[in-house]
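Quick notes on the structure that follows.
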Amino acid sequence: MERLKNQSKLNNGEYYVKVNGIKHWYKIAGAEKETTPIVIIHGGPGGHNYVFERTPGPKIEEFSTVIYYEQRGCGRSDAPKNQGEYSIPILISDLAEFCKKLNIDKIIPLGFSFGGELALEFALSHPELVERVIAQAPSMFSYNQRVSSTQVYGFQQVSEGDIKKKINDIVKLDINIDEKCSKIWEIVDLKTVDRLLFHNGKYGEFMRNLWQESKLVNTGLMMEALLKQQYKGLLTDRLPKIKAPVLIMTGLYDRNVGLNLNRDMASKISDCKFVIFDKSAHFPDIEESEKYANEVKKFILE
């Protein structure tokens with residue numbers, strides 16, 4: 001991790017900046033560290049950073065400059081008027097323009113779930129802006145069937161009673177895996193979702209309480225738009241082109257994206273550290289916040 005050189009001095013606080021015609025919310029913390037900023041890229045698609053700001057975020061701020069950045073149509077940022085103005089190229093362009101507006105020469109993108117995928121795509125599109133990359137349980141929209149298979153199998157493993165019977169009935173239907181996955185998400189209850197996303201189900205309620213406290217809503221519009229698109233083929237085929245050091249972090253019990261998918265992604269990158277959290281599922285940032293922050297610190301100080 002380098003000290004800032006030619007970049008403008010950053011100041012702590014919450015701000016808005018217009019990027020590609022859309023007003024984006026961002027928050028700077030730890031600016032006094034004067035290090036290459038870690039830019040937090042949330043998942044969803046369509047989520048926000050409110051929970052991350054209150055889990056590992058403060059611990060990371062102790063040793064690094066952190067910028068919490070919310071994508072168009074997400075969290076506290078404005079939405080485009082046209083629903084079609086959501087795509088991976090647009091989101092990459094937004095982040096590159098954001099760096100330009102803040103006069104930032106280098107960043108360390110830290111993305112979780114879909115944000116992890118976006119961080120990797122950003123490193124491929126703008127290597128000149130990236131010092132290192134951190135991806136937590138990165139998804140892969142260009143290979144959604146594999147993610148759907150992981151989720152369907154995961155729901156079969158964690159479901160109980162009548163829900164389990166309904167899931168098994170859906171699995172037997174003569175439809176593709178994406179359709180099966182979609183139907184299962186329509187019938188599962190909160191307890192089942194908690195068991196899918198968390199190793200310890202209590203963290204599901206903890207996360208929902210923070211979402212309610214935030215009063216922020218995922219409209220689903222970005223997810224709907226992205227599922228209809230293809231972007232440059234399989235991400236795994238392009239990962240070897242990433243030359244910056246990469247850290248991929250995944251929970252051992254991740255049934256949402258899958259440990260094996262993330263291991264495969266890590267194996268494609270020449271300079272990649274792969275860390276497994278043995279007490280976590282899809283959200284090690286929430287279930288093992290202290291260890292999470294320590295792994296980030298070790299990686300950026302190497």
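Numbers for residues simply follow the sequence, beginning at 1.
Side chain of T35 to backbone of T65: a donor-acceptor contact under 3.5 angstrom is found. R132 places a side-chain N or O within 3.5 Å of a backbone atom of F299 that can act as its donor or acceptor partner. Within the 3.5 Å criterion, the main-chain N or O of Y203 finds no donor-acceptor partner in the side chain of D194. N12 places a side-chain N or O within donor-acceptor distance of the main-chain N or O of A31, the cut-off being under 3.5 Å. At distances below 3.5 Å, not a single donor-acceptor pair connects side-chain atoms of R255 with backbone N or O atoms of V158.
Rounded to the nearest 0.5 angstrom, L110 CG and S64 OG are separated by 9.5 Å. With rounding to the nearest 0.5 Å, the separation of CD1 in I92 from CD in E97 is 14.5 Å. Here the CD-NZ distance, from Q157 to K164, works out to 6.0 Å after rounding to the nearest 0.5 Å. A distance of 12.0 Å separates CD in E290 from OG1 in T55, rounded to the nearest 0.5 Å.
Look at K298 and E295 and you find a salt bridge, because one of the NZ, NE, NH1 or NH2 atoms lies within 4.0 Å of a carboxylate O, short of that distance. Between E224 and K228 there is a salt bridge, since a side-chain N of the basic residue sits under 4.0 Å from a carboxylate O of the acidic one. A salt bridge links E53 with R76: the distance from a Lys NZ or Arg NE/NH1/NH2 to an Asp or Glu carboxylate oxygen falls below 4.0 Å. The pair K9-E34 counts as a salt bridge, with a side-chain nitrogen and a carboxylate oxygen less than 4.0 angstrom apart.
Surrounding CD of E205 are at most 12 heavy atoms belonging to other residues, nucleotides or ligands under 6.0 Å away. Counting heavy atoms of neighbouring residues, nucleotides and ligands inside a 6.0 Å radius, atom NZ of K101 exceeds 12 of them.
The only option from Y15, Y69, Y16, Y68 that meets the ring pair (Phe, Tyr, Trp, His ring centres under 6.0 Å) definition with Y26 turns out to be Y15.
For N20 and S93, the side-chain atoms include at least one donor-acceptor pair closer than 3.5 Å. Defined by atom type and a distance below 3.5 Å, a donor-acceptor pair is present between the side-chain atoms of Y50 and E213. Using modelled atom types and a 3.5 Å distance limit, the side chains of S77 and E70 yield no donor-acceptor pair.
Residues passing the ring pair (Phe, Tyr, Trp, His ring centres under 6.0 Å) test with F112 are F52, sequence neighbours excluded.
Listed by first and then second residue, the side-chain hydrogen bond (donor to acceptor under 3.5 Å, both in side chains) pairs involving residues 267-278 amount to none (not counting sequence neighbours).
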Show me the donor-acceptor pairs, under 3.5 Å and distance only, between side chains in residues 37-47 and residues at least two apart or in other chains.
unit_1	atom_1	unit_2	atom_2	d
H42	NE2	Q71	N	3.1

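Minimum interatomic distance between V51 and M207 (heavy atoms only, all atoms of both residues): CG2-CG, 4.2 Å.
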